[in-house]
Amino acid sequence: MSDISPFIGDDFLLNTPWARQLYHGHAERMPILDYHSHLDPNKIVNDYQYSSITELWLKPGEYKWRAMRAHGIPEKYVTGAVSDWERFSCWADTVAHLYGNPLYHWTHLELKRVFGIDKVLNPDTAREIYDECNAKLRLPEYSMQQLIRRFDVKAVCTANDMTDMLLYHSQWREQSRPFRLLPTWKPDRIFEMDDPVRYNRYIDQLSDASGVVIRTFGSLLEALQRRHAYFHSKGCRLSDVSIDRFYVADYTALDIDEAFLKILSGKRLAPEEQERLKAALLMYLCELDYKTGWVQQYHIGVQTDINTTMFKLLGHHSGFDSLNDSNVGTVMGRYFNRVFQRGLLSRTIVYNLNPRDFEMFAIILGCFQDGSFPSKLQLGSAWWYLNNEYGIRRQISALSSQGLLSHFIGMATDSHCVLSYCRHEYFRRMLCGILGDALSEGKLPVCEIDRIGKMVEDICFNNVQKFLNLTF
């Protein structure tokens, strides 16, 4: 039997009357502010029409690719040159073995909410679902912009390398639009110093984008400042740095000048030289964010492209990134202490990728709250490999225990696929389920249900709107 109405029904994940009241009375009606997204601004501005459900689901599909490989699907059918139907049929066969994986929930939420399909995806239903989705994707109401509007998204903040000229964002701002499209400044590649040849290619790219001839560390800072100002002029109010850990080595101006000149000459930096140069860059970027009033984000704990054979074949972001196991707490504390001492503390979101770090991050951030803004330092939402029931519960528990859940800015999809807005529903149902359990167990007072409902609305939308200082 393929009907999934009892599975993804109105009360999916809502196991108590209080959970259902909080979700249907509060969370369900709230719009979305997508403050961390990897959607393609080109496709948004040009209102892209997807050719098939395979392109939509499986082209930007790191999560799905990993699952297909684990199911024993040959790489040819994962990323190789096969027909859309062949790839989709392999995905459908994989879905039939994903019980317990969040992809199982997300897949069926997307089918139901976007395509109105009340069937379980498996090899028996694959062809029917494939044909129905493809027929609908040809309709005007399934264009990129219309798909975003269907989820009541008020703003999309896309992740953009700091050399990006933001042409599509400029085009979007020239006309009245149904939602905001804002860039996010990403300077990650300035920290990728292991390969001097690749690093210098990026320095040349930064030089071209900024109009600054970069020959010294001082000229590098000038280039960064110019690009930061350019992003600000295009509406950017968010930065995002993805690094393995914070860098806090002590350094002198001479140390940094010599290290930068060394790598510009094509020589490899010693580990201690990299540490000092990265520490100086991280602090300067923090200063730029503070002076312009930006919100800064740090994604901590990634270990990228650990399968080097597959990286050489497929490139970055092909499903071979991992979390790392480094000791990040001590250096994180030292970093924020340095920021605090220098009076450069911006509104900040810090995301952990290793689940052991939820409580530690929440406690460290609590040491530097300065009373100037509610939860000025935020423990980020459960991210990437933690974006599942276990991770969401662990993040909410850590934040509730060590901070104020009421000021949480809520879910970030961190997604390349427009259908991933369904994950906001998934998160909101889980949030209401957790609060509903606490009400049923007497851990929260039922007489406060209206205040708790208002808190749910704030977490879904209001808090992040205030945190980013956006008006609609």
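This chain uses plain numbering: 1 for the first residue, then up along the sequence.
Residues Asp34 and Ile148 are not in side-chain contact: their nearest non-hydrogen atoms beyond the backbone lie 4.5 Å or more apart. Contact check for Arg180 versus Lys154: no side-chain heavy atoms found under the 4.5 Å cut-off. Residues Tyr35 and Gln297 meet the side-chain proximity criterion, which asks for heavy atoms closer than 4.5 Å. Residues Thr158 and His38 fail the side-chain proximity criterion, which asks for heavy atoms closer than 4.5 Å. Proximity of Arg356 to Asp325: side-chain heavy atoms (C-beta onward) are separated by under 4.5 Å at one or more points.
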>> Pair Arg393, Glu389 - check salt bridge (Lys or Arg N to Asp or Glu O under 4.0 Å), show working.
In response: CA-CA 6 Å; Arg393 287 184 178 277; Glu389 183 174 0; 3.4 Å; yes

Would you check, one step at a time, whether the test side-chain contact (heavy atoms from CB on, under 4.5 Å) holds for Asp321 with Ile306?
CA-CA 6 Å; Asp321 300 326; Ile306 63 174; over 6 Å; no

**Asked** Going through the checks in order, is the side-chain contact (heavy atoms from CB on, under 4.5 Å) test met by Leu345 and Leu377?
**Response** CA-CA 9 Å; Leu345 188 66; Leu377 277 71; 3.7 Å; yes

query: Step by step, would you call Phe368 with Lys376 a side-chain contact (heavy atoms from CB on, under 4.5 Å)?
result: CA-CA 9 Å; Phe368 298 98; Lys376 184 175 178 177; over 6 Å; no

Would you sort out whether Arg394 and Glu359 count as a salt bridge (Lys or Arg N to Asp or Glu O under 4.0 Å), showing the intermediate values? CA-CA 9 Å; Arg394 183 80 180 265; Glu359 287 79 10; 3.1 Å; yes

Test salt bridge (Lys or Arg N to Asp or Glu O under 4.0 Å) on Arg338 and Asp250; report intermediate values, then the result.
CA-CA 11 Å; Arg338 182 176 291 176; Asp250 294 324; 3.1 Å; yes

Discussion item. As a quick check of understanding, evaluate side-chain contact (heavy atoms from CB on, under 4.5 Å) for Phe217 and Leu281, giving each step before the final call.
Written reply: CA-CA 10 Å; Phe217 186 69; Leu281 285 169; 3.8 Å; yes

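Under the ring-ring contact (aromatic ring centres under 6.0 Å, His included) criterion, Tyr23 pairs with no residue, sequence neighbours left out. By the side chain to side chain donor-acceptor pair (under 3.5 Å) test, Arg268 is found to be paired with no residue, residues two or more places apart in sequence or in another chain being considered. In this structure, the ring-ring contact (aromatic ring centres under 6.0 Å, His included) partners of Phe179, at least two apart in sequence or on a different chain, are Trp172. By the ring-ring contact (aromatic ring centres under 6.0 Å, His included) test, Tyr390 pairs with no residue at all, sequence neighbours left out. For Phe358, the ring-ring contact (aromatic ring centres under 6.0 Å, His included) test picks out no residue, with sequence neighbours left out.
A 6.0 Å sphere centred on NZ of Lys43 holds more than 12 heavy atoms belonging to other residues, nucleotides or ligands. No more than 12 heavy-atom neighbours from other residues, nucleotides or ligands sit within 6.0 angstrom of CZ on Arg215. Residue Tyr385 qualifies as enclosed at atom OH: its count of foreign heavy atoms under 6.0 Å is above 12. More than 12 heavy atoms of other residues, nucleotides or ligands lie within 6.0 Å of CZ in Arg177, so this atom counts as buried by the packing criterion. More than 12 non-hydrogen atoms from other residues, nucleotides or ligands lie less than 6.0 angstrom from OH of Tyr63.
Shortest non-hydrogen contact noted between Leu39 and Val418 is CD2-N, 3.6 Å. The heavy-atom pair separating Gln395 from Leu379 by the smallest distance is NE2-O, 3.2 Å. When every heavy atom of Gly380 is checked against every heavy atom of Ile349, the shortest pair comes out as CA-CG2, 3.7 Å. Heavy atoms only, all atoms of each residue included: Ser415 and Ser420 are closest at OG-OG, 2.7 Å. Closest heavy-atom contact between Ile190 and Tyr202: N-CE2, 4.0 Å. Smallest separation of non-hydrogen atoms from Leu182 and His169: C-CD2, 3.6 Å.
A side-chain N or O of Asp255 and one of Thr252 form a donor-acceptor pair less than 3.5 Å apart. For the 3.5 Å distance criterion, the side chains of Asn46 and Asn42 qualify, holding a donor opposite an acceptor. For the residue pair Ser400 and Ser397, no side-chain donor N or O sits within less than 3.5 Å of a side-chain acceptor on the partner. Gln274 and Asp194 share a side-chain donor-acceptor pair at under 3.5 Å. In this structure, a donor-acceptor pair under 3.5 Å is absent between the side chains of Glu75 and Trp65. Between the side chains of Thr163 and Gln205, at least one donor-acceptor pair of N or O atoms lies under 3.5 Å. In summary, the side chains of Ser143 and Asp47 do present a donor paired with an acceptor at a separation below 3.5 Å, with no hydrogens or angles considered.
Phe151 and His424 have their aromatic ring centers separated by at least 6.0 angstrom. Ring centers of Phe115 and Tyr142: under 6.0 Å apart, within the cut-off. Ring centroids of Phe311 and Phe320 are separated by 6.0 Å or more, keeping the two rings apart. Side-chain rings of His407 and Phe467 stay apart, their centers remaining 6.0 Å or farther from each other. In this structure, the ring of Tyr351 has its center no less than 6.0 angstrom from the ring center of Trp384. Under the 6.0 Å cut-off for aromatic ring centres, Tyr298 and Phe246 qualify, their centroids lying closer than that. Checked against the 6.0 Å centroid criterion, the rings of Trp294 and His228 qualify as a close aromatic pair.
Within the structure, salt bridge (Lys or Arg N to Asp or Glu O under 4.0 Å) contacts touching residues 414-429 (residues at least two apart or in different chains) are Arg113-Glu425, Glu425-Arg429.
Tyr335 places no side-chain N or O within 3.5 Å of a backbone atom of Tyr247 that could act as its donor or acceptor partner. The backbone N or O of Ile256 sits nowhere less than 3.5 Å from a side-chain atom of Arg276 that would complete a donor-acceptor pair. For Ser207 (side chain) and Ile203 (main-chain N/O), no donor-acceptor pair under 3.5 Å exists by modelled atom type. Without hydrogens or angle criteria, Thr107 side chain to Tyr104 main chain gives no donor-acceptor distance under 3.5 Å. Checking side-chain atoms of Arg87 against main-chain N and O of Tyr77 turns up a donor-acceptor pair under 3.5 Å.
In this structure, CG on Leu468 lies 11.0 Å from CG on Asn463, to the nearest 0.5 angstrom. Of the inter-residue distances, the one linking Glu272 atom CD with Leu277 atom CG reads 12.5 Å to the nearest 0.5 angstrom. With rounding to the nearest 0.5 angstrom, the CG atom of Asn324 is 8.0 Å from the CG atom of Leu353.
Electrostatic pairing of Asp305 and Lys312 does not count as a salt bridge here, judged by no charged N lying under 4.0 Å from a carboxylate O. The residues Lys186 and Asp240 are annotated as salt-bridged, a charged nitrogen and a carboxylate oxygen being separated by less than 4.0 angstrom. A salt bridge between Asp458 and Lys466 is absent, with no side-chain N of the basic residue lying under 4.0 Å from a carboxylate O of the acidic one. Salt-bridge formation is not detected for the pair Arg66/Glu62: no Lys NZ or Arg NE/NH1/NH2 atom is positioned less than 4.0 Å from an Asp or Glu carboxylate oxygen.
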